[in-house]
Amino acid sequence: MTAGFVVRRIGFYVLICAITLFFAVPMLWIASAPFDKNPGLGVHWPDWTLENVRKTLEHPYAMHSMVNSLLICVTTAVAVTAFAALASYALSRVRIPGRDALLYGLLLLSSVVTGTAAMVPIFVMMFQLGLIDSRFGVALVMTGGLLPAAIFILKDFVDAVPKSYEESARVFGASTGQILRDVVLPVARPGLATIMVWAFVNSWGNFLVPFLLIRSIEKQPGAVLMQTLTDEGGSVNLQVLPVFSLLFSIPVVVLYLLVNSRYGFRFHGGIKS
Amino acid sequence: MGRAFGFVSPAMLLIGAFLVFPAIWTIYIGLTNYRLTGIEAVSPSMVGLSNYTKALNDALFHNALWLTLLFVLGSAIIGQNILGFTLAWVMRRTRPAVRRTVEAFVLLAWILPSTVVAYLWVAFFDRDGGTLNNILGTPGTAWLIDYPMACLVFFNTWRGTAFSMMLYSSALQAVPPSQLESARMVGASGWQTLRDVVFPHIRGHVLTNTLLISLWTANDFSPFLLTKGGPNHESETVPVYIYNVALQGGELGYSSAISFLLLIANLLVSLIYLRLLRRRS
Amino acid sequence: MAGIDIEGLATVYPNGVRAVDGLDLHVADGEFFALLGPSGCGKTTLLRTIAGLESATEGKVRIDAVDVTRTEPGKRGVAMVFQDYALFPHMSVSENITYPLKVRRVSAATRAETAERTAGELSLDGLLERKPAQLSGGQQQRVALARAIASRGKVLLLDEPLSNLDARLRLEARTFLKKLQRDLGITTVFVTHDQAEALALADRIAVMEAGKLRQLGSPREVFARPANTFVANFIGSTPMNLLPGTVSSTSGSETYVDEVGVVSVAGGSLSAATFSAPAGAEVTVGVRPEYLTLASGDVTGPALRGQVVVAENLGTQSLVSVDCDGTLIGVTVPEENEPEPGTTVVLTAPASRVLLYDRESGDLLARQPATVA
Amino acid sequence: MAGIDIEGLATVYPNGVRAVDGLDLHVADGEFFALLGPSGCGKTTLLRTIAGLESATEGKVRIDAVDVTRTEPGKRGVAMVFQDYALFPHMSVSENITYPLKVRRVSAATRAETAERTAGELSLDGLLERKPAQLSGGQQQRVALARAIASRGKVLLLDEPLSNLDARLRLEARTFLKKLQRDLGITTVFVTHDQAEALALADRIAVMEAGKLRQLGSPREVFARPANTFVANFIGSTPMNLLPGTVSSTSGSETYVDEVGVVSVAGGSLSAATFSAPAGAEVTVGVRPEYLTLASGDVTGPALRGQVVVAENLGTQSLVSVDCDGTLIGVTVPEENEPEPGTTVVLTAPASRVLLYDRESGDLLARQPATVA
Amino acid sequence: SDSGDQDTNRNADAKKVELTIGSNSIKGGKSSAGATFIQDVLIPKFVADQKGKGVDVTVKFQGDGSDDEVYKQKLSLDLSNKSGPDLFQIDGIWVGEFAQAGYIKPLTDTVGEASKVDDWDGWKQIPETVQQLGSYNGKRYGVPGGTDGRVLFFNKKLFEQAGLPADWQPKSWDDVISAGQALKKLSGVTPIQINGGTAMGEATTMQGVLPLLVGTGTTVNTDGKWLGDTPKLRQVLDFYHQIYSTGLGDPVLQREAKGRDKSFAEFAANKVGILLESDYFWRSVVEPKEGVAKMADRDSAVGYALIPAALPGAGVKGQDFVSMSGGGATVINPNTKFPQQAWELMQFWNSAEMVKASLDGAAKITQRSDVNAEVLAGDPMLNFVATKVLPITQFRPGLAEYPKISAALQQATADVVGGKSTDAAAQAYQKAVEAAAGGKDKVAGN
Ligand SMILES: Nc1ncnc2c1ncn2[C@@H]1O[C@H](COP(=O)(O)OP(=O)(O)OP(=O)(O)O)[C@@H](O)[C@H]1O
Ligand SMILES: Nc1ncnc2c1ncn2[C@@H]1O[C@H](COP(=O)(O)OP(=O)(O)OP(=O)(O)O)[C@@H](O)[C@H]1O
Ligand SMILES: [Mg+2]
Ligand SMILES: [Mg+2]
């Protein structure tokens, strides 16, 4: 081993450590504040207590809001994945003129609709459809917003499934549906898993849509509840909030870990022209 | 073909209903003086393009556009791109245990709910007990006040790098190892290898990635959670400005018009990217 | 079991490439039929058109006398093995093998039984629970075959079934495939660009070039009397020597040589038998390295003279390149006779092994047409 | 120009696979040296260790007598051609060829000049402005060679340089490669799993199995006297017959057979010359299909009797499988002598072509060691 | 169809009634006590009460507990689609804009006969000033809820160290400044915290600009015209300038997103001398047991004083002392299916018994004088507000343009605190107000 080699190795690990710290340090708060007697908006060595956890568990809506979040986000993630899979398969295999332009156009539009102003038409439409105060309605709206990017990303995965797989199934007489179910989807599974996590994470944090469309507190998801953890003057409730933040993060992390260990979390990229 | 249509239609139906239709309606609202409350809520009137002419003379909008540009440039085009690529490049050949650990943190930053993330960063930058001040030994420095845009760039780089990292990881896997080794065999340095072998291969990925993260960053609302656009509009990017105009000011017509202008700006940027992409082949 | 009839078939890709260009072909029931030709000549396209994966632009495909030109691939009663095997990576070997049955909603019990039996036939026992990625190349190929066989098609189509195997495995698989086809007696069409494979396996070979048929015949016919210089050059493990020459004397009638004529070539001459060309005709002389004999002394009769340039070891034989008046001619010699480079040598060939081709068209100058149906 | 010395070399992958496992090897200056072995035996790993792309776990690599075991690949003075050629798709042919010079910051003028010259040597003139994707496989291979040559290494390493070419092109490229190496006189190590290629091209061959050297010698030696059953089975375009047998009588001393002994095998017997085993020894008898003679009448002396099972056309010859007392034995016969399946035949072989191997160890039972340096 | 055309007596005799109460409060979160009262006390009591009359009422509670702006958006969306809760609480300053949009109607329109509304005996207990909270253009749109009042809080411990009296009562702005200068001598202490800047949002307007402005003798909207760049405005801005340019205040704190919370924490940690806040600060922030910034010694350590006019007698209406108040009102949805029952619930809700119950033993200023007299006796500070501050207090105008005017005021203070000259800030303010008000003619300038 030459000296240069050793220096490069050390430099390399210093770089890795620095990057890891950059990503890890901001997370200290959520590791310390929930268990601190005097939680603040800073990070210090906690004065350990489980009192905050108890308070959070006793909160009238906290736990239930997580269930709502799960309901909404599982629906959204499943719907996004299912519809995006169907659409991206069709778009990947059939040459529709202007297909790429369409995808880009939708991707762009999806950015306008996240704005506050677009809430007016969405609200009015949901109102007319009688989907106000419905968790299902909320999931629908979120699904519509996430689909373009999901199709965009998923198409790359489907493009990567060898055509010979499908043709082989076709020669055996499999219908398109069978081919999709038995061959394409299972092979593109890492992509589907990735999209599912992505959709779940995105809907998990969405506040505005459920807030505006849901009427009963009992149906509100955690993202909305988190906004209410303040006192009448608008100061945050530091007893409950850190613990709730922690709890609220757990499903996302668990889902990610599950998917990562089973399918590997990975992306394809690049537009094949 | 007919079956393909059947496959696409559920997605298109949802997209049409919850995306295209509201988007078009929003564009229409942008041509009126509609407000949430007050007289204009009952009877909004068409004001033509006056919202747009107003935006063109609105110093706060100009300010917001400029800040958005800085934000996209700093955190997406430079920050996430370069850090994401560096991570993908460096992690390529590290031990799996190390790679998994680093990736876990990077991905955690990406998947945590944004409301939670906002608190993490408020705590990080906090003036009194903040982690940053503790690390740097600079108690009392109000980072979010004194350097709001720098903080946001820092924050968003942290938040979004995972996507670039993952995309570049898979891009780098597509570079045939034999090409990298060919370069090594002729004695090319790391930089020469990147420039002559790696980059030409992943050019398409670089552009897709840059396009996506630019769009997402330009429309990102999380700056609001950190600084609420302040102090004194110093970190009021366009989405935050739209929010403030719509909710604080109640001017939905005007805010719709600005949303549409943001869409146009996004479109322009995308077209430039796509032009660059096409030139590749 | 069924024969395949192809009539005036053409397949044109959307980009305008006429990959198959007006083909007529009959594959007999139970025949092991090879499609041979260089890369890009349209072999795969022809096979895919038979399978129904590409639709014919012109002409007809009949399987078992039924016109299937417009029939869905799944309803033609064909089974196909792809070059990359197209095994489903997420299914176990037994699931892969029985997938065709699953598509037809055959009961699980029957499926398990079929998997057992077919795996037995192809010596895959004990591998049924593995995933394709856990198999060697040869095993994968057999799974793909098993799957095709399990689908109980009347016709088996194989696209370069051996090309993904390494040299040694390929030889084994070749023998295995031939035996399997014999046992099953299933009509089989296979695509290859390796002439040795086609010669070794097929009952009949169709040699293609640029979407067209160049010769159709038994391996022996194709090897011994290539119908044109294209086929001549393509067939044989060492390329045939194709040399410009002139007919110098003929016996028999003026144009149809019944006995033996002489052609002057590469500074010397060779005798050739039973061809149809007048004296003075410009021809291409075709003679395989295996049929040339190398001597160092003097010989009587037509012969070529030259210097040894280089020798390549072929195992029991060597391929010697001899420079005859500026033309390089390949000769195989037994390993023990390999001459030193630089040696002057004399080459002779039996008249029956010297073929003459028209210099312009490249067609065999034969009394009888070379393609005997 | 330089020789390569390899001493006790082992390369272990992080997953614990000892891909190269204690190898000693000397490649002489200017030699054309082949690494041959089945898939996964460590050929590529050895080549990459010489190149410095993998680092040696144990042992030493010397190039031109300089220890380069820990030297960066770019500084070893070696050039390498990868199996997939690794041409840079975005660079033109001339940019590809001169990339090694660009890295060393050679002036553009010199680079253009080198590109011209090297392209001339490899008949690539006129293609300099094309991109790799616009070239045929053979041309791509030549560009890769040109790039390796332009880098002016002392040693040229080729990893399966011909495997990406189709059957016909491979033969041409083989001859081209051999001639090029002769002309340049550059020390060349090439990897192949195709024994025919190794026999045809190499000055010397190293046969590997599982990271270890099994035989080292000239093509003739390796072909004629494989040092063990592994090599015997691997070398030869048709696999050698390896049959269990027993030494039944010996001449000469008891264990060293000077003249001719007899082994009983497959229900009959064969005579073998010059081996070292006592009567009654259990051996494996090795005899190539090419050395067996097939007769239909009766013969005197040791012979095997059996029925013809199947015949494969090899072009000028056929490979006939004969069932001798339950053992399948391959024999090649000239095409015109191909017997019908079912015929009863008699097989004989010259005693000098019958090799005996220890049944346990598989090593050649030879008086002299089989590997002659 | 507009509710004006609807029969106000619709479903008056229904035996099965369903009502929904909307409120920006939630148990365990924002205004938890309010939500708890409605859900656990008001609704069961009302249901029982109605049962006695033979009516089967179901009352649902629709709590939100979010930012006021988003709550307002949600309500507006509901109301503009002629849906939404039957009764809901809104901020007093929204009454005007909601009325203009037709989202709410005068009670007499919704409920029908004026007598039914005006004869409610509760009105007599609600002071005229407080009634403004639920009124627009002189008409009653709803019944006000509790209110508050702003005073100057000060830290008696710091005052003692600085040699200032424990019963401090400044008579003019100069008195405040000089107390600040005395406090400045103490190390690590911010002498005066008067909210400024945009980060604090409405807290800047309510706890800063407006109390000062009324101290100069004017209001933000006089005779239908919005305040422009007037000398009085400049006087206010000068005062900000004086505080934040001479080290009497902490300019950085005004820019922080969580600046207000932080100012509370600093006050509780004895680092702020004088703080302009509402009685909420006393009740919920430095409250010794439950407060967000508890001060165990609140009763002895925290002093309070009336906000002086710039000079004695210079305040609005010639007052010596001034204050601002806010609060909400409960209104009835004009589209309710059960207007009569909704009005009945409204009366029940604002009965003395319920108002008292809503306090749940805590001391808080309610809309009803009779209740105040009873519950505030034990808390001198709140009593002080109810008796001394409410009579002199002012409310914000409930007009649609107000939020933007307020934003312009915040911006002007932000400019000054950030170091701009009063002149530049005032000129920029004038422009912003003209744009917000929709024309020069709607602005009172100089
Ligand atoms: N999908 C396609 N679209 C357009 N042209 C095609 C397509 N597939 C093949 N071709 C063209 O059709 C011709 C015949 O191709 P085909 O694949 O049938 O050749 P092949 O004989 O199978 O060659 P190989 O031995 O290389 O597999 C080629 O010129 C090829 O470029
Ligand atoms: N990067 C690697 N990591 C771990 N094991 C490896 C790696 N590369 C190769 N191996 C293993 O080392 C052994 C030798 O591999 P190598 O590639 O040298 O074989 P090879 O002789 O070149 O085979 P082939 O003819 O298939 O190319 C194999 O068992 C292989 O699985
Ligand atoms: Mg093909
Ligand atoms: Mg290899």
Side-chain angles (χ1 to χ4, degrees), chain A residues 15-16 19-20 22-30 40-44 83-84 86-87 89-91 94 104 106 108-118 120-122 140-141 143-145 147-148 151 176 201 204-205 207 223 226 245 248-249 252-253 256 266-271 273, chain B residues 1 3-4 7-8 10-11 14-15 17-23 25-26 29 87 90 98 102 105-109 111-116 119-124 126 128-131 158 166-167 170-171 204-205 208-209 215 219 242-243 246-247 252 255-256 259 263 266-267 270 277 281:
Chain A
L15 177 71
I16 299 242
I19 292 179
T20 313
F22 170 63
F23 283 95
V25 165
M27 296 175 196
L28 289 176
W29 184 76
I30 204 166
L41 281 176
V43 173
H44 52 94
F83 295 146
L86 286 176
Y89 174 60
L91 290 176
V94 178
Y104 279 109
L106 293 178
L108 280 173
L109 275 189
S110 62
S111 61
V112 201
V113 168
T114 52
T116 338
V120 176
I122 288 181
L140 272 186
V141 173
T143 304
L147 268 174
I151 295 174
T176 313
V201 166
W204 192 254
F207 155 76
M226 204 152 155
S245 297
F248 192 52
S249 305
V252 186
V253 174
Y256 159 69
R266 59 195 173 100
F267 267 30
H268 286 234
I271 301 146
S273 34
Chain B
M1 198 71 186
R3 204 169 285 125
F7 281 177
V8 181
L14 280 175
I15 293 174
F18 298 110
L19 203 69
V20 179
F21 172 69
W25 191 332
T26 308
I29 292 177
L87 275 167
V90 163
V98 175
V102 177
F105 279 111
V106 179
L107 280 163
L108 205 58
I111 60 173
L112 285 178
S114 49
T115 32
V116 174
Y119 281 109
L120 297 185
W121 280 83
V122 168
F124 182 78
D126 191 66
D128 301 322
T131 321
W158 177 88
M166 285 190 292
L167 204 131
S170 67
H205 295 78
T208 320
N209 182 53
L215 280 184
N219 293 292
I242 291 173
Y243 179 85
L247 280 195
L252 288 185
S255 86
S256 297
S259 300
L263 171 77
N266 285 338
L267 183 70
S270 311
L277 182 66
S281 41

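Treat the numbers as computed from the prediction; the structure is a model and nothing was measured. Naming: A, B, ... by sequence-line order, numbering from 1 per chain.
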Of the listed residues ([options]), which shares the most heavy-atom pairs with chain A below a 4.5 Å separation?
options                       : result
B:A123, B:S114, B:G130        : B:A123
B:V106, B:V8, B:N209, B:L267  : B:V106
B:V122, B:T115, B:L112, B:V98 : B:T115
B:V90, B:I15, B:V102, B:D126  : B:I15

Side chain, backbone, both or neither: which part of [X] has a non-hydrogen atom closer than 4.5 Å to chain B?
X      : answer
A:F248 : both
A:S249 : both
A:L28  : side chain
A:I30  : both

Report, as yes or no, whether the 6.0 Å neighbourhood of atom CZ on B:F105 holds more than 12 heavy atoms from other residues, nucleotides or ligands. no
Assign the ring pair A:F22 / B:W121 to parallel, tilted or perpendicular, where the plane angle (0 to 90°) is split at 30° and 60°. perpendicular
Options A:T20, A:L140, A:L15, A:T143, ranked by heavy-atom pairs under 4.5 Å with chain B, top entry: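 Top option by heavy-atom pairs under 4.5 Å: A:L140.
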Minimum heavy-atom distance [X]-[Y], with the two atoms named:
X      : Y      : value
B:A17  : B:P22  : O-CD, 3.1 Å
B:I111 : A:V201 : O-CG1, 3.4 Å
B:T131 : A:V25  : CG2-CG1, 3.5 Å

Where does B:S270 contact chain A at under 4.5 Å (heavy atoms): side chain, backbone, both or neither?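 Contact with chain A involves the side chain of B:S270 alone.
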Applying side chain to side chain contact (heavy atoms under 4.5 Å, CB included) to B:A109 and not counting sequence neighbours gives A:F23, A:M27, B:W158
Using side-chain contact (heavy atoms from CB on, under 4.5 Å), reason through B:T26 and A:V120 one step at a time and then give a plain yes or no. CA-CA 8 Å; B:T26 308; A:V120 176; over 6 Å; no
